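All remarks here apply to the structure that follows.
Just so it is clear, the model here is predicted, and its values are computed rather than measured.
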Amino acid sequence: MAKYTLQINGKRYQTEADPDTPLLWVLRDNLGLVGTKFGCGIAQCGACTIHLNGEATRACVLPVSSVGSAKVTTIEGLSANGDHPVQKAWEAVDAPQCGYCQAGQIMTAVAFLKRTPKPTTEQIETAMSGNICRCGTYHRIREAVALAAK
């Protein structure tokens, strides 16, 4: 076990973990930040997406030992009241069905819109294609991203 000081959602957390423990499990099991979900464990579905220094990153394959002093943002840190423009757009178009993938979808959309504030439909589809929605609400997700861009 090693000791880590992590910067998450604007706060400093101290925890112990094996160096190869994925950040996902440190967030969920050690720190109680359970908004980030486990989906596949191989960085293919996007349910575990967080921001590492503002970039969408899959927490299920990111060893805690590689985080260092990077700033981590989880869905809990996106906004205090769920009023981030992307979260509001998600609600406005009723994007989620079961909701399991939505934290990862939202975190991917936020990072994408920071890089591409006025996206085309094609750009939205490409950016969001790495996130799987088992319920198939892709049309509403696409609509929410477009709405948030406005």
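- Note: the hydrophobic cluster containing Ile50 does not contain Leu113 (ILVMFWY, side chain heavy atoms under 4.5 Å, direct or indirect links).
- Other residues, nucleotides and ligands contribute at most 12 non-hydrogen atoms within 6.0 Å of the CD atom of Glu91.
- Smallest separation of non-hydrogen atoms from Ala2 and Pro19: CB-CG, 4.5 Å.
- Looking at Val67 and Tyr4, their side chains never come closer than 4.5 Å, going by heavy atoms from C-beta outward.
- For the pair Gln105 and Met128, the minimum side-chain heavy-atom distance is below 4.5 Å.
- For the residue pair Glu55 and Thr57, no side-chain donor N or O sits within less than 3.5 Å of a side-chain acceptor on the partner.
- Counting heavy atoms from C-beta on, the side chains of Ile132 and Cys101 never come closer than 4.5 Å.
- Distance alone, capped at 3.5 Å, is enough to place a donor-acceptor pair between the Tyr100 side chain and the Phe38 backbone.
- Between Thr73 and Met107 there is a side-chain heavy-atom pair separated by less than 4.5 Å.
- For the pair Ile8 and Glu76, the minimum side-chain heavy-atom distance is 4.5 Å or more.
- Formation of a donor-acceptor pair under 3.5 Å by the Arg140 side chain with backbone atoms of Asp94 is found in this model.
- Within the 4.5 Å cutoff, the side chain of Ile141 has heavy atoms near those of the Trp90 side chain.
- Trp25 is not listed as a side-chain neighbour of Thr36, based on a closest heavy-atom distance of 4.5 Å or more.
- The only option from Leu31, Leu6, Thr5, Asn30 that meets the side chain to side chain contact (heavy atoms under 4.5 Å, CB included) definition with Gln14 turns out to be Thr5.
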